[in-house]
Amino acid sequence: MLIDPGTMLALANDRRRELIAEADRERLLTSARRARLARNALAVRGQPDGTLTSCEPSAAVPAQ
């Protein structure tokens, strides 16, 4: 079976574009994972990261 050279070229170009798109997605996901890990590494377990208010009663407010 013979395949038209133009068709083969189109198929090869399509596959090449698919591979490039897949590599771009992988790069983007890897970058996002690294950024998330870097953010999580900054927050130390047991210490507030400053994004939530404390549930403990404030020292400035007298207990009743």
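Side-chain atoms are counted along with the backbone in the values below, which use heavy atoms only and exclude waters and symmetry mates.
Taken to the nearest 0.5 Å, the CZ atom of Arg16 stands 11.5 Å off from the CG atom of Asp14. Separation of atoms CZ (Arg17) and CG (Leu19) is listed at 11.5 Å; rounding is to 0.5 Å. For the atom pair Glu22 CD and Ile20 CD1, the distance stands at 11.5 Å (nearest 0.5 Å). Summarising the geometry, atom OG1 belonging to Thr30 is positioned 12.5 Å from atom CZ belonging to Arg25; distances are rounded to the nearest 0.5 Å. Rounding to the nearest 0.5 Å places OG1 of Thr7 at 11.5 Å from CG of Leu2. Taken from CG in Leu29 to CZ in Arg34, the straight-line distance is 12.0 Å, to the nearest 0.5 Å.
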